[in-house]
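Both backbone and side-chain heavy atoms feed into the values below; hydrogens, waters and symmetry mates do not.
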Amino acid sequence: MQISTRSGPRILAVLGPTNTGKTHLAMERMLAHTTGMIGFPLRLLARENYDRAIAKVGKGAVALITGEERILPPHARYYLCTVEAMPVNMPVDFMAIDEIQMCADPERGHVFTDRLLHARGRYETMFMGAETIRPVIRQLVENVEFDRRARFSTLTYSGPKKIQRLPSQSAVVTFSAQEVYAVAELVRRQKGGAAVVLGALSPRTRNAQVEMFQNGDVEHLIATDAIGMGLNLDLQHVAFAALSKFDGQFHRSLSAAETAQIAGRAGRHMNDGSFGVTGNLSGIDPDIIEQIEEHEFEPLAKVYWRSSRPDFRSIDGLQKSLRRLPDNPTLIRVREPVDEIMLDYLAHIEDIARITRSPDRVRLLWEVCQIPDFRNIHTDAHPRLLSAIYQFLCQPKSKLPIDWMGEQVLRMDRYDGDIDQLSSRLAGIRVWTYVSHKHNWLDDAIHWQERTRAIEDKLSDVLHERLTQRFVDRRTSVLLKSLKDKSELMSTITANGEVQVEGEFVGRLEGFRFIADETDAAFEGKAIASAARRALSGEIAQRVKTLETDEDNQFAVNGKLEILWHDSVVGTLKKGDTVLSPEISVIDSEFFDGPTRERVRVRLQTWLNSHIETRLKMLTRLRDCQMTGAIRGLLFQLNEGLGCVPRSELESLIKDLTDEDRKALAKLGVRLGVETVHVLDALKPDPVELRGILWAVSRDLEELPELPPAGRTSVLNDRSNSKGFYLAAGYMPVGPLAARVDMLERFAALLRQKARENDGKVRPDPDLLSLLGCTVEQAEGVFAALGWRPEIVKVKKAAPEPVADTAALTDSDVVVADKADAAEGSEASVATTDAEQADVASSGESDAVGSDVAANADSADAVAAETADDEYEDVKFFVRVDRRKRHQPGQNNRGPRNQAAGSGAGAEGRADGRGEGRGAGNRNNGQRGGPRHAKGGPKAAPKGGHGRNNAKPHQAAAKNNEINEDSPFAKLKEMLAAKG
């Protein structure tokens, strides 16, 4: 539809790319008229041009009208406004709308379209914007003149650049506050600092940030697309860190025209500019680049529209009127804007629907719904706030309560917290600043305007301060400015290694590395670092010479596998050809060239070889001795194991050793233990740490795990540590403990000795516990790991008082004495003297006492049965498991001899009289329960517990040359006979 204009008034559309002077022309034309008004797309632009206007005509003549700020002098003639806040019904001689192509914006376009259709000056109307809007203006506005303006300077694409390589006076553009802050933090570390500009900042904060950039305190600006809307900055380059944005409903890519609008900020007046990409972007589509450089874009065909004649007779009528469709194909219905969403929300609240019956109430409701949500928190907090405001305004006084208003404002009157918290409060106070400019809503609107403005200004100043603290390194900024004024910066190094440039501390020299100060963590390749490098180059050369001539005691190696020189890290260890020959990796240093690095490496390698030779001579001599045969392989594996290897891994080599080989090993300090093969001297504390370090290097670890404390004979077995680590430290994992290998061998030897002395059975006693410094429970775990299994034996609770007159012993006394003897595991027979024992052992005949006991077996068994339950208890002993069968699947952890003995005599308790109480499978039970004790049924019965009455003398074989038919030897004899 064409819009008719009055005959005479001029309507001018000034179109063209950025940097064509369109806004400047509009300001000049407005000030040439008696009255005038210009609408800007951003509050920032309105404020900027307001400041320019008052500089020319004075404060009393210029008004500023935005949603949150109203400066209205009594005799104002010129009005600088945001487009939404323009009082379009106010008659003025000149009317202008900036960035008119915003008619195509999905979120705000309907407001610009309304101004295009209805905002007119009495004598002159001007629309400024991009050339793309020309067809739309021609279609919608009659009698319009077009003025196409060419760009003052050239804009060219310069490709991708890393942030650290961006030229000075660059802007990095991204599209969210979080991304702006992230890039600004990176630029601070790479470039010393950056200013930030976001649309959500207050004009006061934005102006303070821009001033830092314009003054040269920082050389980079990080911004959203807010800079694309007319901000005049001295930019030479615009780098896009993102090419897509969230437009309120969708995440979409920028159009060529939008990209050009932002990129066009590079180049001021006659100075050429450039644009490109940075960060993770690799480039811009070539077609878009061509359009930007040629300023040729696809023209707009549609713009957004909403009815400017709302129906206030009812809520339903208002909603229908706002959703009315346009009757011109150039206009399209706007997406549901925020104010309509708020209207729908409030209309469904019963209390609000009930009180909204008149046109005035409907109009008021619509006015409340247009309160902007500056916080953009996307929750129900904003609609609930609007509901409360509307219901207060509908009460009899029709004003917001002073106490309630004060409470809301007071929540924002805080200045602690971080940037996000301050930004949130700043957005919150902007809501109340907007409300305070609704004069008919408050009793003392001026008071609330002043108070909210003061809070906003204070928050703006504090936010600027926080932004500067976080994103600007003041020291670096000062140094960069000094660099601009001087061809060379002064740099020095103090005696303690501090590096100063222009008197400012910038870092420390540790060894050959320049460690930047914490505030300059990524100080890389910049002018200040170059100045520091000039001071450090001579110092580094002198330090290399000192390192080459220094004594060996100035070097060390630590648990992080680093080589230290004068306590500074100068190299690291890395895996070599063998475990005893690691290699050196010299630390990275920007001051090293190839030859210098090699000089340092050679000196460190020489020291390391000497250090290993000195500390681990007991191992290097194994490596260097000339041996052949099995001993050579054993020594090789012992070296690779750093002096300690489980014997089970070397068994095949050990069995092939000759006597001469064993003598040679002894001379070399190698001990062939039962559990391990180890080098005794390597167990001393001094070589242990180095052995651990070499083990960690050979396994490509980053550091050495914590070694067992020096002097400890055992430590808890940490399952997170490997067996190889413990062996390298001189310890062997055995069950719950890791035992030092020399003490483990002593422990195992004492264990075998006690077994021989006690019928093959062992209990953890103080002698054993003291060797490993462990508890009984831990010792039992070690027993199990070494191949000993537990066995429960019934023993007498307490030995009886000794009998003085042995001649007066009764049969019962003999039985009781025999029980005590059995409980102690004695190897004695029923004979009462050594001579009688020898006689029994040699002839196999029982003596008189033995005959008497046998003859009175029934009476002895009866006595034992009466006292067994009260006088015996279960005791855990440990017995040896045959190593060859210990881990075979399907076995019950018994050796062949144990199985034979258990099945032949002890299983049923018949031959030896022990019965069920001892159970099958114990080697010693089988031996004592065989022919040797055939006549000792009554005497042996107490050891068998409940099975003593099962022993029958006539079932045992006589002590002669006959073999018990139930024994394994009888079966062996049958097998031999079968073979002939």
Side-chain angles (χ1 to χ4, degrees), residues 497 509-515 536-626 635-644 679 681-682 684-705 707 724-725 727-729:
L509 188 63
E510 293 184 2
F512 300 107
R513 292 188 298 178
F514 173 60
I515 309 300
L536 295 173
S537 57
E539 175 70 15
I540 295 298
Q542 181 59 44
R543 290 193 175 200
V544 171
K545 290 181 180 179
T546 304
L547 176 135
E548 289 180 307
T549 58
D550 239 343
E551 299 292 334
D552 282 355
N553 59 9
Q554 300 299 329
F555 298 85
V557 59
N558 64 17
K560 294 184 178 179
L561 317 184
E562 298 169 328
I563 303 295
L564 307 180
W565 175 56
H566 290 283
D567 297 326
S568 295
V569 179
V570 292
T572 57
L573 299 179
K574 63 180 183 179
K575 188 176 181 179
D577 293 335
T578 67
V579 70
L580 289 177
S581 58
E583 296 181 359
I584 296 293
S585 177
V586 180
I587 62 162
D588 291 331
S589 174
E590 58 186 315
F591 307 103
F592 282 166
D593 54 18
T596 302
R597 182 183 298 277
E598 180 62 16
R599 287 168 58 194
V600 173
R601 189 199 68 78
V602 169
R603 176 64 182 102
L604 297 181
Q605 190 71 61
T606 301
W607 170 80
L608 179 62
N609 295 343
S610 174
H611 184 65
I612 293 174
E613 180 66 33
T614 302
R615 296 292 191 278
L616 300 180
K617 190 171 185 62
M618 74 293 295
L619 299 182
T620 59
R621 66 184 179 184
L622 303 185
R623 176 194 63 192
D624 299 336
C625 65
Q626 301 298 320
L635 293 178
F636 174 80
Q637 292 199 38
L638 199 57
N639 258 300
E640 288 298 300
L642 290 163
C644 188
V679 181
D681 290 345
K684 296 177 181 178
D686 188 39
V688 161
E689 182 179 10
L690 183 55
R691 288 169 58 201
I693 290 172
L694 295 179
W695 175 85
V697 172
S698 70
R699 298 316 189 269
D700 292 321
L701 301 183
E702 294 183 355
E703 63 179 338
L704 172 66
L707 291 168
F725 163 72
L727 290 169

(request) Dump the intermediate steps for side chain to side chain contact (heavy atoms under 4.5 Å, CB included) on Leu561 and Thr572, then the final yes or no. (result) CA-CA 6 Å; Leu561 317 184; Thr572 57; 5.9 Å; no
(message) Run Leu509 and Ile540 through side chain to side chain contact (heavy atoms under 4.5 Å, CB included) and show every step you take.
(response) CA-CA 9 Å; Leu509 188 63; Ile540 295 298; 4.0 Å; yes
(request) Carefully, step by step, assess Val569 and Lys560 under the rule side chain to side chain contact (heavy atoms under 4.5 Å, CB included). (result) CA-CA 10 Å; Val569 179; Lys560 294 184 178 179; over 6 Å; no
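Of all non-hydrogen atoms in Leu635 and Cys625, the two that sit nearest each other are CD1-SG, 3.5 Å. The two residues Ile587 and Arg597 have their closest heavy-atom pair at O-NH1, 3.2 Å. A pairwise comparison of heavy atoms in Leu642 and Ala728 identifies CD1-CB, 4.1 Å as the closest pair. Val688 and Ala682 get closest at one heavy-atom pair: CG2-O, 3.7 Å. Residue Cys644 comes nearest to Leu638 through the heavy atom pair N-CD1, 3.9 Å, listed as atom of the first residue, atom of the second, then distance. Nearest approach of Asp686 to Arg615, heavy atoms of both residues: OD2-CD, 2.9 Å.
Within the model, atoms CG of Leu573 and CG of Leu704 stand 11.0 Å from one another, a figure rounded to the nearest 0.5 Å. Note: His611 NE2 to Ile563 CD1 = 8.0 Å, rounded to the nearest 0.5 Å. Between Asn558 atom CG and Ile693 atom CD1 the span is 7.0 Å, to the nearest 0.5 Å. Expressed to the nearest 0.5 Å, how far CZ of Arg623 lies from OG1 of Thr578 amounts to 6.5 Å. Rounding to the nearest 0.5 angstrom, the gap separating the CG atom in Leu580 from the CG atom in Asp624 is 9.5 Å. Note: Arg513 CZ to Ser568 OG = 8.5 Å, rounded to the nearest 0.5 Å.
The closest donor-acceptor contact from the side chain of Thr596 to the backbone of Phe592 lies at 3.5 Å or more, if one exists at all. Using modelled atom types, one side-chain atom of Arg543 and one backbone atom of Gly511 make a donor-acceptor pair closer than 3.5 Å.
Among residues two or more places apart in sequence or in another chain, the side-chain hydrogen bond (donor to acceptor under 3.5 Å, both in side chains) test is passed with Asn609 by Gln605. Arg603 is linked by a side chain to side chain contact (heavy atoms under 4.5 Å, CB included) to Leu547, Asp552, Phe555, Thr606, Trp607, counting only residues two or more places apart in sequence or in another chain.
Between Lys545 and Glu548, none of the side-chain N atoms (NZ, or NE/NH1/NH2) sits under 4.0 Å from a carboxylate O, so this pair counts as no salt bridge.
Side-chain atoms of Asp681 and Pro687, non-hydrogen and from C-beta on, never get closer than 4.5 Å to each other.
Partner of Trp695 under the side-chain contact (heavy atoms from CB on, under 4.5 Å) criterion, chosen from Leu727, Leu701, Leu690, Val579: Leu701. Tested against Glu583 for a side-chain contact (heavy atoms from CB on, under 4.5 Å), the candidates Lys574, Arg601, Lys575 yield a single pass: Lys574.
The local environment of CG in Asn553 is crowded, with over 12 non-hydrogen atoms from other residues, nucleotides or ligands closer than 6.0 Å. Around the CZ atom of Phe636, the shell of radius 6.0 Å holds no more than 12 heavy atoms that belong to other residues, nucleotides or ligands.
Below 30°, between 30° and 60°, or above 60°: for Trp565 and Phe512 the angle between ring planes is below 30°, a parallel geometry.
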